[in-house]
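Single-structure report; data block below.
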Amino acid sequence: MRFASIPAINYPHRLTRKLRFSVNYSTSCALSSVNIIQDSNTHNWKYLDLQSRMQNYAASGDLPEALETLNFMKNVAGKPSIYDYNALFHRYLSSGNVSLEQLVQVYIGMKNFGPSPNRTTFNILLNGFLSLGYLRDAYFFAEEMTKSGMNPSFTSLSKLLKSSMKSARMLEEAYRFCAKLISKNLNFQAYVFNPVLWALCKCGKSSLALQLFYMMKKNGIAHNVCSYTALLYGFGRECLWVDLYSFLDQMRSDGCKPNVVTYTVIIKFLCDDGRIVEAFEILKSMEIEGCDPDLVTYNIIIRALCLYDRACDVLELLQLIHRRGFSPDPYTYAALAGGIMKVGKTKIAYELLRKVFTRNCTVDVVVYNIYFHCLCRNNRSREAFSLLKSMTKGGIVPTTVSYNTVLRGFCRDNEIQHALKLLECFEWPESGPDVVSFNTVLSAACKLGDLVLIQRVLQYMECKGVEPDVRSLTCLVRYLSTVGRYSECWRLLEYMICNGPVPSSVTFNIFLDKLCRNGFTSKAYQIFERIQKAGLSLDRKTYNILLRSFLRKRDINLVECLIQDMYKQRLDPDLFIYGSKISGLCQEGNISTALFTRDRTLGNGLTPSMEMCNRSLKTVMHKNKHRDMTCHGMVTT
DNA sequence: ATAGGGTTAG
């Protein structure tokens with residue numbers, strides 16, 4: 001139950017009035033002010049008895065009985081004390097049967113009539129709600145605690161913040177709470193808030209992290225390498241290279257020396273963004289500074305080299321790693337095999353992994369997963385499946401990813417019925433089947449256009465309580481547009497725009513592509529304009545889909561218009577578009593514009609598709625023999 | 001006393 005759903009919390013007076021009848025707080029308060037401890041044995045014995053009875057009631061989840069027992073204690077001077085209340089909360093919260101509303105009533109009663117909650121009270125409440133997974137309520141008590149001039153203990157705070165990292169909404173709550181604590185100038189050090197900085201940076205909120213970073217700095221919290229590294233991670237992840245480099249400068253001028261983790265983070269994101277040269281520059285500069293790269297650093301570079309198909313460099317790097325005294329670990333194998341798989345060299349990946357397995361190298365579940373992927377790509381899904389079933393004997397437990405990979409293998413082999421049967425009958429790990437499992441089979445069913453199968457997957461998904469996401473609905477968009485049910489498809493898209501999950505550029509592209517390919521070019525353009533107006537995500541591919549279509553229709557005005565628009569959005573047309581445009585211009589005999597376009601292609605850093613240019617030029621040359629010279633110049637320069 | 005690497009679906 002959520003706090004917000006309890007209207008009473010907004011009306012504490014109404015609550016307390018009710019409370020006065022059930023537990024006589026005012027009397028208990030008056031008694032506690034009489035500071036005489038009646039030390040008679042009977043009283044003491046009675047009190048101890050009440051105490052244990054009260055705690056038993058609380059532990060069994062019977063709060064009303066526990067409160068009534070607590071109420072009897074008021075016959076003993078100074079009782080019930082704050083310790084009794086704390087014990088009550090502690091027992092009750094772990095009873096497994098907690099009524100939030102009743103508990104809050106007790107809390108409000110304490111605030112109004114005593115005994116006042118102390119540090120322990122708050123920590124018990126905080127930890128109790130955290131264990132129950134009621135984060136919002138934990139924050140409520142954390143706020144209450146700071147309002148009462150107390151700070152959560154370091155452990156409670158860390159636990160609270162750590163639990164908040166799982167969802168975006170709670171992360172922002174954590175941010176707000178940290179900001180509040182920081183502004184109060186409490187004596188927390190950087191390491192308390194660094195996890196929040198990291199969590200913000202890991203989910204693409206580096207600007208928010210930066211605000212927190214400066215807030216900390218302004219309030220005298222000294223940053224350490226870890227704080228700076230978090231921000232560099234955030235900037236790298238979001239490809240904010242200008243910010244990243246200037247922040248690195250700032251870090252150095254603040255007297256904080258980047259370490260191997262800092263540099264590794266930068267190298268990773270440079271590699272991910274295709275900036276291999278810069279990544280190697282960072283590698284060089286760290287070696288100059290005497291900050292030695294470790295296996296993590298090298299593994300990242302190995303993967304990047306595989307992704308860019310630079311096998312020779314990989315070999316050299318592997319030798320270097322060996323010379324520096326490192327031995328490959330499961331991450332190395334995964335980087336190698338995963339990278340090789342991504343560039344489509346499944347045979348090489350297969351040979352490599354076979355060696356890894358036959359030589360008894362240390363592997364883990366991810367290496368297995370890549371091996372499964374590899375086997376499936378080589379039409380050996382059944383072999384993958386039997387290995388999946390036997391791998392546990394080797395002490396490695398398959399994950400949902402393992403199952404999903406094999407599932408995908410069966411779908412690839414067009415054994416959809418088999419895949420569906422496995423989806424329903426697998427002994428899934430705790431986390432499965434997940435949305436990926438369903439999307440795997442759903443995608444195959446949609447590509448086949450098999451409505452019965454689609455419905456069966458969706459039904460089973462609902463039965464398992466797995467919510468469809470953008471990808472699931474994108475599959476349905478593919479199905480609807482493949483079978484030509486465009487208006488229904490558009491209705492689905494409109495539904496998604498209004499209610500979520502918001503369609504991605506991939507979703508739109510599938511729809512627009514189908515429209516264009518079936519001749520509904522102007523309809524596609526209309527929809528494109530509406531998407532654009534709504535500020536939803538479109539990408540390079542969207543433009544290229546429309547451009548191809550308009551090029552076919554020879555609508556040069558719209559082509560020019562779209563290309564201009566792309567430049568404004570800092571998107572590059574793909575080579576096909578350039579080639580087609582040049583070829584179209586050539587065919588019209590407009591060679592000077594063709595040349596201009598060709599030069600701009602070069603200026604954009606795109607390797608011009610000379611093949612395509614040449615092909616169109618050949619055609620043109622036959623048509624316009626008198627322009628031979630100009631055309632020849634274009635082919636060779 | 002906080003931090004960095006590899007795998008699946010549109």
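Everything quoted here is computed from the prediction, not taken from an experiment. Within every chain, numbering begins at 1; the chains are lettered A, B, ... in the order of the sequence lines, protein sequences first and strands thereafter.
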Quick one: the side chain of [X] and the base of [N], do they pair up donor-acceptor inside 3.5 Å?
X: A/Asp364; N: B/dG6; result: yes
X: A/Asp434; N: B/dA9; result: no
X: A/Asp294; N: B/dG4; result: yes
X: A/Thr262; N: B/dG4; result: no

Pairwise distance OG(A/Ser481) to CG(A/Leu512) - rounded to 0.5 angstrom:
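A/Ser481 atom OG to A/Leu512 atom CG measures 9.5 Å (nearest 0.5 Å).
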In Å, rounded to the nearest 0.5 Å, how long is the span from CG of A/Leu232 to OG1 of A/Thr264?
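Rounded to the nearest 0.5 Å, the CG-OG1 separation comes out at 12.0 Å.
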Check whether the ring centres of A/Phe385 and A/Phe426 lie less than 6.0 Å apart, and answer yes or no.
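So the answer is yes for these two rings.
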Measuring to OP1 and OP2 of [N], would you say a side-chain N or O of [X] lies under 4.0 angstrom away?
X: A/Arg408; N: B/dT8; answer: no
X: A/Lys447; N: B/dG10; answer: yes
X: A/Lys202; N: B/dA3; answer: no
X: A/Arg471; N: B/dT8; answer: no
X: A/Ser443; N: B/dG10; answer: yes
X: A/Lys342; N: B/dT8; answer: yes

Select one nucleotide: of [options], the one nearest the side-chain heavy atoms of [X].
X: A/Val260; options: B/dG10, B/dT8, B/dG4; value: B/dG4
X: A/Thr507; options: B/dT2, B/dT7, B/dG10; value: B/dG10
X: A/Asn439; options: B/dA9, B/dT7, B/dG4; value: B/dA9
X: A/Asn224; options: B/dT2, B/dA9, B/dT8; value: B/dT2
X: A/Val367; options: B/dG6, B/dA3, B/dT2; value: B/dG6
X: A/Val436; options: B/dG4, B/dG10, B/dA9; value: B/dA9
X: A/Gln189; options: B/dA9, B/dT7, B/dA1; value: B/dA1
X: A/Val470; options: B/dT2, B/dT8, B/dG10; value: B/dG10
X: A/Val296; options: B/dT8, B/dG4, B/dG6; value: B/dG4
X: A/Phe154; options: B/dG6, B/dT8, B/dA1; value: B/dA1

Nearest-Å distance for atom pair [atom1]/[atom2], residues [X] and [N]:
X: A/Tyr371; N: B/dG6; atom1: OH; atom2: P; value: 23 Å
X: A/Leu197; N: B/dG4; atom1: CG; atom2: P; value: 13 Å
X: A/Leu442; N: B/dG10; atom1: CG; atom2: C1'; value: 9 Å
X: A/Ile396; N: B/dT7; atom1: CD1; atom2: P; value: 17 Å
X: A/Asp513; N: B/dG10; atom1: CG; atom2: C1'; value: 14 Å
X: A/Leu448; N: B/dG10; atom1: CG; atom2: C1'; value: 16 Å
X: A/Phe357; N: B/dT7; atom1: CZ; atom2: C1'; value: 12 Å
X: A/Lys257; N: B/dA3; atom1: NZ; atom2: C1'; value: 18 Å

Checking all strands, does [X] fall into the base, sugar-phosphate, or nothing category for heavy-atom contacts under 4.0 angstrom?
X: A/Tyr368; value: nothing
X: A/Ser504; value: base
X: A/Thr405; value: sugar-phosphate
X: A/Cys475; value: sugar-phosphate
X: A/Thr297; value: base
X: A/Val265; value: sugar-phosphate
X: A/Val365; value: nothing
X: A/Val441; value: nothing

Could you pull out every donor-acceptor pair under 3.5 Å between side chains of residues 441-450 of chain A and any protein atom, sequence neighbours left out?
from	atom 1	to	atom 2	distance (Å)
A/Asp450	OD1	A/Val452	N	3.2
A/Asp450	OD1	A/Leu453	N	3.1

Name the orientation class of the two ring planes belonging to A/Trp428 and A/Tyr403 (parallel below 30°, tilted from 30 to 60°, perpendicular beyond 60°).
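Ring orientation, 0 to 90° scale: tilted.
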Listed pairs under 3.5 Å, donor-acceptor, residues 368-379 of chain A side chains, sequence neighbours left out:
from	atom 1	to	atom 2	distance (Å)
A/Asn369	OD1	A/Ser402	OG	2.6
A/Asn378	OD1	A/Lys347	NZ	3.4
A/Asn378	ND2	A/Cys374	O	3.0

Taking atom CD of A/Glu316 as the centre, report whether more than 12 heavy atoms of other residues, nucleotides or ligands fall under 6.0 Å from it.
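Check fails, neighbour count at 12 or below.
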For A/Glu287 and A/Arg324: C-alpha separation, side-chain torsions, deciding distance, then whether salt bridge (charged side-chain N to carboxylate O under 4.0 Å, His left out) applies.
CA-CA 13 Å; A/Glu287 290 188 324; A/Arg324 301 229 161 146; 2.7 Å; yes
